[in-house]
Amino acid sequence: PSADFRLWLTSSTDQSRKVIDMQNVRVVNEQFSDRPVNYAGGPRGPLMRIGANAASRRAFRPDGTAWLHTGGPGELVLSRVSDGEPILRMGGHKERVYRPEFTPDGRKILAHGYQQSAVKVWDAESGAELQTLNGSGPVLHSTVSPDSRYAVTAHLNGIAYVWDLRSRDAVPEPVHVIRDHRGSVFNVDFDSNGTYLVTGSADSRAIVFRTRTWELAAELDTHTNGVYLVRFSPAGDRVLTGCADGKLRVFDLRGEELLAMDSGGTFASAEWSPDGRRILCTTNEGVVTVWTALPESEWALNARAETAVPE
């Protein structure tokens, strides 16, 4: 999503990409393929559904004027949102590039290749390659701390590595290694202050770590399947998880489960809105759903305002 949650970049296996205006519920760039936009509502149901699949959460440049996407084999492209014209092309990977993202300060770009153990780091202005973050085992996901200093890479072999992006070494050593999971680490995320890191794994657990000491702060263990996605709320007081069984759950930092939702399909990705009141979820069936992320006690009070359905 863009910083104000208004624009969302989505991509699909049909090779289409869309920039969606969530405020007006429309595709803003005509070069992308069009699918029907359907609505659904109810106090315990989704607010809207859009035919598309989600791309990387930080694929937009922080100012919202450009977005990252894949080009040819091993190629990463930065294009303008307004007309889709390429601004910058970057290489370095041998295979298809996955999950390109900007650092929060917009100065660097990260991405990893298919079944490769390394994440490449480029300069966002020149496209020059700066670093190769070389872990062990294929990379499944990566994230960057809010201050843009640290990157964390999650790997198929159950290890997560912490890297210093300010290192001047082209191939730096990790500053910390996380080995607390018993299965592949699928997803990682920092809270908005960089105080906590959460990891999600094939071992059906999500673990919250204190980044100052890397000690375990909480274990989110009510899942019955592998945890494919973990996301801190904007306030950093809740964690959203998504599982292989299509279930979404919200936890507090004590590990207590607050909410559970069914994505209605094979779960693909999910994000919070900036105010922490909504959750956007995508499925592999090509559906994007927006949920109200309110505590159970607030459903009745907010249902009328949150679920307005157009005629």
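Just so it is clear, the model here is predicted, and its values are computed rather than measured. Start at 1 with the first residue, then count along the sequence.
A 4.5 Å side-chain heavy-atom check between Cys281 and Leu248 finds at least one atom pair inside the cut-off. When side chains are defined from C-beta on, Val81 counts as touching Phe60, because their heavy atoms get closer than 4.5 Å. The closest side-chain heavy-atom distance from Phe190 to Val144 is not below 4.5 Å. The shortest side-chain heavy-atom distance between Leu220 and Val227 does not fall under the 4.5 Å cut-off. You'll find the side chain of Phe102 stays beyond 4.5 Å of the side chain of Arg107, heavy atoms only. Residues Met90 and Leu68 form a side-chain contact, since some pair of their non-hydrogen atoms from C-beta on lies under 4.5 Å apart. Between Asp189 and Leu197 there is no side-chain heavy-atom pair separated by less than 4.5 Å. Between Glu101 and Ile109 there is no side-chain heavy-atom pair separated by less than 4.5 Å.
Between Trp163 and Pro172, the shortest heavy-atom contact is CZ3-O, 3.2 Å. Here the closest heavy-atom approach between residue Ser192 and residue Pro234 is recorded as OG-O, 3.0 Å. When all heavy atoms of Ala218 and Gly255 are compared, the pair lying nearest together is CB-N, 4.3 Å. The two residues Tyr196 and Phe232 come nearest to each other via the heavy atoms CB-CZ, 3.5 Å. The two atoms that bring Ala124 and Leu88 nearest to each other are O-CD2, 3.5 Å, heavy atoms only. The two atoms that bring Val198 and Ala206 nearest to each other are CG2-CB, 4.3 Å, heavy atoms only.
A donor-acceptor contact closer than 3.5 angstrom links the side chains of Asn157 and Ser136. Side-chain contact of Ser269 with Tyr228: a donor-acceptor pair under 3.5 Å is absent, judged by distance alone. Residues Ser201 and Asp203 bring a donor and an acceptor atom of their side chains to less than 3.5 Å of each other. Side chain to side chain, Asn134 and Ser117 meet the donor-acceptor criterion of an N or O pair below 3.5 Å. A side-chain N or O of Arg61 and one of Thr65 form a donor-acceptor pair less than 3.5 Å apart. If you check the side chains of His141 and Thr153, you find no donor sitting under 3.5 Å from an acceptor.
For the pair Trp122 (side chain) and Gln131 (backbone), a donor-acceptor distance under 3.5 Å is absent. Here the side chain of Asp245 pairs a donor or acceptor atom with the backbone of Lys247 at under 3.5 angstrom. Counting only distance, with no hydrogens or angles, the side chain of Ser263 and the backbone of Gly246 share a donor-acceptor pair below 3.5 Å.
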message = side-chain contact (heavy atoms from CB on, under 4.5 Å), that's the test. Do Leu165 and Ser148 meet it? Break it down for me.
response = CA-CA 7 Å; Leu165 294 179; Ser148 300; 5.7 Å; no
key: side-chain contact (heavy atoms from CB on, under 4.5 Å) between Trp214 and Ile178, worked out   = CA-CA 8 Å; Trp214 296 110; Ile178 297 172; 4.2 Å; yes
ask   = Given Arg149 and Asp147, is the salt bridge (charged side-chain N to carboxylate O under 4.0 Å, His left out) satisfied, shown in steps?
value = CA-CA 5 Å; Arg149 177 172 181 177; Asp147 62 2; over 6 Å; no
ask   = Where do Ser184 and His155 land on the side-chain contact (heavy atoms from CB on, under 4.5 Å) test, with the steps shown first?
value = CA-CA 6 Å; Ser184 299; His155 295 256; over 6 Å; no
message = Could you walk me through whether Thr199 and His181 satisfy the side-chain contact (heavy atoms from CB on, under 4.5 Å) test, starting with their C-alpha distance in whole Å, then the side-chain angles of each, then the deciding distance to 0.1 Å, before giving a yes or no?
response = CA-CA 9 Å; Thr199 58; His181 285 289; 2.6 Å; yes
task = Report the C-alpha separation of Ser142 and His112 in whole Å, then their side-chain angles, then the decisive distance to 0.1 Å, and conclude whether the side chain to side chain donor-acceptor pair (under 3.5 Å) test is met.
result = CA-CA 8 Å; Ser142 64; His112 65 270; 4.8 Å; no
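Ile279 contributes atom CD1, which lies 9.0 Å from atom OG of Ser233 (distance to the nearest 0.5 angstrom). Atoms OG1 and CG, on Thr195 and Leu253 in that order, are 10.0 Å from each other to the nearest 0.5 Å. Within the model, atoms NE2 of His176 and OH of Tyr150 stand 11.5 Å from one another, a figure rounded to the nearest 0.5 Å. In this structure, Glu219 CD and Thr222 OG1 are separated by 10.5 Å, a value rounded to the nearest 0.5 Å. Rounded to the nearest 0.5 Å, atoms CG (Asp252) and CG (Asp237) are 8.5 Å apart. Atoms CG and CG, on Asp169 and Leu130 in that order, are 12.5 Å from each other to the nearest 0.5 Å.
Screening Leu259, Asp191, Leu258 for a side chain to side chain contact (heavy atoms under 4.5 Å, CB included) involving Arg238 leaves a single residue, Leu258.
For Phe251 and His223, the ring centers sit closer than 6.0 Å to each other.
A salt bridge links Arg249 with Glu257; the closest basic N to acidic carboxylate O contact falls under 4.0 Å. For the pair Lys108 and Asp123, the salt-bridge criterion is not met [side-chain N within less than 4.0 Å of a carboxylate O].
Hydrophobic clustering of Ile, Leu, Val, Met, Phe, Trp and Tyr side chains at less than 4.5 Å, counting indirect connections, unites Leu229 with Leu156.
Within a 6.0 Å radius of CD in Glu125, no more than 12 heavy atoms belonging to other residues, nucleotides or ligands are found.
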